[in-house]
J.: 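Handing you this structure, nothing more for now.
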Amino acid sequence: METGGSLVQAIRKPTLTPKAIIHQKFGSKASYTVEEVEEPTQNGCPGLAILQKGPCLYRCSLDLPDFTVVSGSFKKKKDAEQSAAQIALEKLGINLSADSPTAEEAWRELIARVKYIFSNEFLSALHPLSSHFKAALRRVGDLNASVPASVIAICDGKLNNLCKIINPTVESHPLLVLSYIMRAAAGLPELVVGAEGQLSIWRKDPYPPNVIESSISQQSDVAESISTMAIYIPCSPEKAVEPVILNISSTGYYFDVIAQILGLSDANMVLVSRTIGKASSETRFYFAAPKSYPLDMSSDLLNAKVVPFGGPLNARASSLCGQDIYGDSILASIGYTWKGQDIFHEDVTLQSYYRMLISKIPSGVYKLSREAILAAELPLTFTTKTNWKGSFPREILSSFCRQYRLLEPVFCVSSIPLKVSSELSRSNNKPGVSESADQEREYTNENESVDVDPKLVVSGSSFTCEIKIYSKCQDLILECAPNVLYKKQNDAVQSASLKVLSWLNAYLKDIDMSLEKEKQLANVFDIKFYRQIFFKEVVKCLSVCNCQHNETLGRKEPELNGVVENDASYINIEGTDSDLCPSNGSLLCVCYSVSLVTKGELQKELLESIEEFEFEMGTGAVIPCLEAVVSQMSVGQSACFYTELPPEDLVLAAAKDLANALAFLTSPCCLEYSIILLQVTEPPEDRMEQALFNPPLSKQRVEYAVQQIQEFCATSLVDFGCGSGSLLESLLEYPTSLETIAGVDISQKSLSRAAKVLHSKLVMKSDFDAPCRSIKSAILFYGSITDFDSRLCGFDLATCLEVIEHMEEEQASLFGDIVLSSFRPRILIVSTPNYEYNVVLQKSNLTSHEDDPEEKIQSQSCKFRNHDHKFEWTREQFQHWASELAVRHKYRVEFSGVGGAVDLEPGFASQIAVFRRVFLPEDADGLKDEDSVWQYKVIWEWNRSKPPLTN
């Protein structure tokens, strides 16, 4: 863990996008037309006989008054538009890098901007600030036409950007913008007036009557008054946060109403924070400036600074806003927007306030995304995209960075070849971004799913992701480099994001932890962070408040006096046991409600209820006591239990009736959870197996096949039911005697992937030491393994691993007859799940070894490992099936397996039958030409001596 440092010291100046520059120069005369295009599909697999659907791409045509340009093809419409704008700028001879002004040029532009803002033309413009000007014209007395400088600072983005160029510290001190605006106004004495030391500006000469009439006529008729709810947050933490109502008349100015609540006679002395939440939000803090606001009016532009207020800091408001708020404040969502001339307003309730409060920590963001504040928890692991519910880790991390005014996270994804990744896994070294990485891609986050880079999708590769987070000044705050490899790029990004979020969760909940604990926590989550910068950018915002929940209400937690005795007590489960019980990895659906209950259940207040709530068992996706109770239930059963109160901000964020909830919290009370388990969806078979076996059963089956190949010196192999080629692909990583490999499957989609996988291994790799160099030919067929095709006759070895259970039992028997009577491989390896082992995988109770085996099997009520399985056989059933086939077709059969042991109950997890052909004199005749039968379609074929045909 580092204590300081930065990657980039230079400050990045804000720049306009190509599209924004085109808009500045041409306005509505620039017309963009986006169309969907079809590009030739590059599947990276020459000779593949399956039509491939390419990605959806877009092309943009930009029409300008003098010419038209067309962009290239892009996955996103916005990228196509920006590309077209960039091409147009190049044609116009405009250099983007030369478009950023110097500090002196920005100062001149700032003065010009202030001058334009107070012009007659601007009053009629469709701009939020012009609406403020019109409202100011309705003010009476000395305040008529007087505009608060803080309004100008928050409403005009161009002014803010110019100020950041003049002095980059404006990013962390937004009130510094006021100094620059007042100084710019002082340089325009012929146009505007601004009293020294005051925070208001007005025109020296009034607007002409015709300009006023024209601008006001643009506004629609509004109601007599507008009422909206806001939150009053006292500076003193001893005082409670309270709701207030803002009543604004049709002829009034809402700043005057806010000033009155804050106890100010002059609304020009109201300061405004930056937005809370989304950039498009109008939710802001309003607070009072001192009677004489300390402006730095020195001539040194780059070193101008905000003079400290000297007043009391409002810790609660500052923590939510991320900037210093002084004195009492009002949190309101009101203002003028780009969408229209009329005032926008939205209620900010006490519940909204507490929801904002809990969203300062990643777990709170996740709870809100699930609308399950009292039940959900940020999961500990990212398993699959399908099973993940709520906002994805990547989205939450991006949201966190925006909340704390940080740059978007930077993700560095590396693709590591399977051979290298296996070595890395064995050595337990961090893969990171090293010389072993084939490809590396760095990109920033966006509010959408991860786009898989085709250049990174190298067959047999694993992915790792490193994350870096920077401040707005480009100081490196933290980096996370997990030492875990993933098969999918998206899984690597999401899992790394979750590690960062989990670390942030733990750290921000215990900011005062010891340095030793801090170091241990960083090591657990593979985090390296720069403590000084992290404290400055993140912890400071939280620690000034560190609202220890109960303090937010200005009172102490009432004693429980034995309402509950532990985390989950008085558990009452009702209903008939259906034997459909959850296990780790299961996807559960529950109906639940949470209520506040007083001692003795005399009173109850509903806080939260959801009719269908899904979560994955064993990932920490719900609070521990809820998962512990559900693990004891079966489908259809209901349960009721009680827990101690969580932090009060969670209770109040969830409460449907805040007043009632506050009343309950003044008395000893607890939470009552009522649950009904509606549905249990079992986890996929491979995930259950991976949880118990290392290496996974799939790899153990491959190693078993390799052992047979090496023992028999097989030169040809066919995989019946090859799917997406996982076995064939894996075999290429081992040195064997194989020269010819083939695969058959009934899924064209799976065969397409198999072709790409094998092509990348056999063609793209030029390493002469690679194990796959012994392979001379490969072929993939489309067809049913219960049909005969003479081209696959007489192979040395045939495999059918974990396939027959996906067929009906009659079809499995037909396959056995066809393969042993017609295909006649010298060796056939068949594997299928051992049903008796499901009790271990699904964590059922094993019967005593002394019991009768038949009774033991009958007593089991396990589910199949996969919903697609048509059957799963016991050892006795499998051995009976295989033995009959062997006798019928003159084969010997031996039984083995992987996962578990033959001499321990319940045997192997995956049972295997190895059929060995008994050679007879008639076997030497072979297949005659007239017996040739071709029922399979060749999907892809490769021969080392012949270059494949290109698509």
Side-chain angles (χ1 to χ4, degrees), residues 697 700-701 703-705 707-709 711-712 714 717-721 727 744 784-788 792-839 849 851-858 860 862 864-865 869-923:
L697 285 184
Q700 292 187 43
R701 285 190 287 266
E703 291 174 345
Y704 188 92
Q707 181 183 347
Q708 296 297 318
I709 294 168
E711 180 181 328
F712 190 68
L717 178 144
V718 56
D719 186 20
F720 290 103
L727 172 64
V744 184
S784 170
I785 61 175
T786 58
D787 291 333
F788 174 66
L792 293 179
C793 278
F795 272 59
D796 287 340
L797 195 147
T799 56
C800 184
L801 306 184
E802 309 297 294
V803 174
I804 60 172
E805 63 272 11
H806 295 273
M807 313 163 68
E808 298 294 344
E809 291 191 58
E810 296 79 6
Q811 291 293 306
S813 296
L814 177 60
F815 162 73
D817 287 330
I818 292 290
V819 71
L820 296 182
S821 66
S822 301
F823 287 108
R824 303 281 292 165
R826 295 190 175 188
I827 294 178
L828 170 66
I829 302 174
V830 178
S831 77
T832 191
N834 173 14
Y835 177 72
E836 296 166 85
Y837 207 92
N838 292 1
V839 293
H849 293 183
D851 293 342
D852 182 75
E854 186 174 345
E855 290 182 3
K856 178 186 68 177
I857 293 170
Q858 291 175 352
Q860 297 171 352
C862 293
F864 290 167
R865 298 185 197 178
H869 287 183
K870 301 299 189 297
F871 65 87
E872 288 183 6
W873 282 334
T874 64
R875 287 168 289 178
E876 181 181 350
Q877 290 172 317
F878 179 57
Q879 290 173 14
H880 176 75
W881 173 82
S883 298
E884 283 196 344
L885 281 175
V887 171
R888 199 158 51 240
H889 300 292
K890 300 186 177 74
Y891 274 77
R892 296 194 309 270
V893 63
E894 300 169 359
F895 297 98
S896 183
V898 293
V902 67
D903 54 348
L904 293 176
E905 289 297 325
F908 292 108
S910 184
Q911 50 189 339
I912 297 175
V914 179
F915 299 84
R916 299 182 187 275
R917 198 171 82 194
V918 178
F919 285 91
L920 299 173
E922 57 266 26
D923 290 338

J.: If every non-hydrogen atom of S822 is compared with every non-hydrogen atom of F788, which pair is closest and at what distance?
T.: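 The pair with the smallest heavy-atom distance is CB-CD1, 3.4 Å.
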J.: Between E809 and W881, do the side chains contain an N or O donor and an N or O acceptor separated by less than 3.5 Å?
T.: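 Checked: E809/W881 side chains show no N/O donor-acceptor pair below 3.5 Å.
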J.: Quick one: which of V803, V830, I785 gives a side-chain contact (heavy atoms from CB on, under 4.5 Å) with F720?
T.: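 Checked V803, V830, I785 against F720; only one passes side-chain contact (heavy atoms from CB on, under 4.5 Å): I785.
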J.: When rounded to the nearest 0.5 angstrom, what distance separates OG in S883 from OH in Y891?
T.: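 Nearest 0.5 Å value for the OG-OH distance: 15.5 Å.
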J.: Looking only at heavy atoms, what is the nearest atom pair of I818 and T786, with distance?
T.: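 For I818 and T786, the tightest heavy-atom pair comes out as CG1-O, 3.7 Å.
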J.: OG/S910 to OH/Y837 distance, rounded to the nearest 0.5 angstrom?
T.: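 So the gap between those two atoms works out to 11.0 Å.
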J.: To the nearest 0.5 angstrom, please state how far the CG atom of D719 sits from the CG atom of L792.
T.: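 Here the interatomic distance stands at 11.0 Å.
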J.: Whether K870 and E810 form a salt bridge (side-chain N of Lys/Arg under 4.0 Å from carboxylate O of Asp/Glu) is what I want to check.
T.: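 No, no charged N to carboxylate O under 4.0 Å.
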J.: Roughly how far apart are I912 CD1 and N834 CG, rounded to 0.5 Å?
T.: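 Interatomic distance, I912 CD1 to N834 CG, rounded to 0.5 Å: 11.5 Å.
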J.: Rounded to the nearest 0.5 Å, what separates atom CD in Q877 from atom CD in Q911?
T.: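 Rounded to the nearest 0.5 Å, the CD-CD separation comes out at 9.0 Å.
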J.: If we only count heavy atoms from C-beta on, is the S831 to Y704 side-chain gap below 4.5 Å?
T.: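 No; the side chains remain at least 4.5 Å from each other.
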J.: For a side chain to side chain contact (heavy atoms under 4.5 Å, CB included) check, start with the C-alpha distance between R826 and R916, then their side-chain angles and the critical distance, and finish with the verdict.
T.: CA-CA 6 Å; R826 295 190 175 188; R916 299 182 187 275; over 6 Å; no
J.: Tell me the closest heavy-atom pair linking W873 and I804, and the distance in Å.
T.: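 Nearest heavy atoms, W873 then I804: CZ3-CD1, 3.9 Å.
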J.: State which residue, out of L797, L717, D796, fulfils the side-chain contact (heavy atoms from CB on, under 4.5 Å) condition with Q708.
T.: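 The passing option is L797.
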J.: Which word best sums up how the rings of F895 and F878 line up, parallel for under 30°, tilted for 30 to 60°, or perpendicular for over 60°?
T.: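 Because their plane-to-plane angle is over 60°, the rings of F895 and F878 count as perpendicular.
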J.: Tell me the closest heavy-atom pair linking M807 and F815, and the distance in Å.
T.: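 Answer, listing the atom of M807 first, then F815: CE-CB, 4.2 Å.
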J.: Can you tell me how far the NE2 atom of H889 sits from the CZ atom of R824, to the nearest 0.5 Å?
T.: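 Nearest 0.5 Å value for the NE2-CZ distance: 9.0 Å.
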J.: Considering only heavy atoms from C-beta outward, does the side chain of R917 approach that of P825 to under 4.5 Å?
T.: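 Result no, sub-4.5 Å side-chain heavy-atom pair not found.
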J.: Over all heavy atoms of both residues, which pair between A882 and V893 is shortest? Give the atoms and the distance, please.
T.: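 Between these two residues, the closest heavy atoms are CB-CG2, 4.2 Å.
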J.: Check the pair E872, T832 against side chain to side chain contact (heavy atoms under 4.5 Å, CB included), reporting the backbone distance first and the verdict last.
T.: CA-CA 8 Å; E872 288 183 6; T832 191; over 6 Å; no
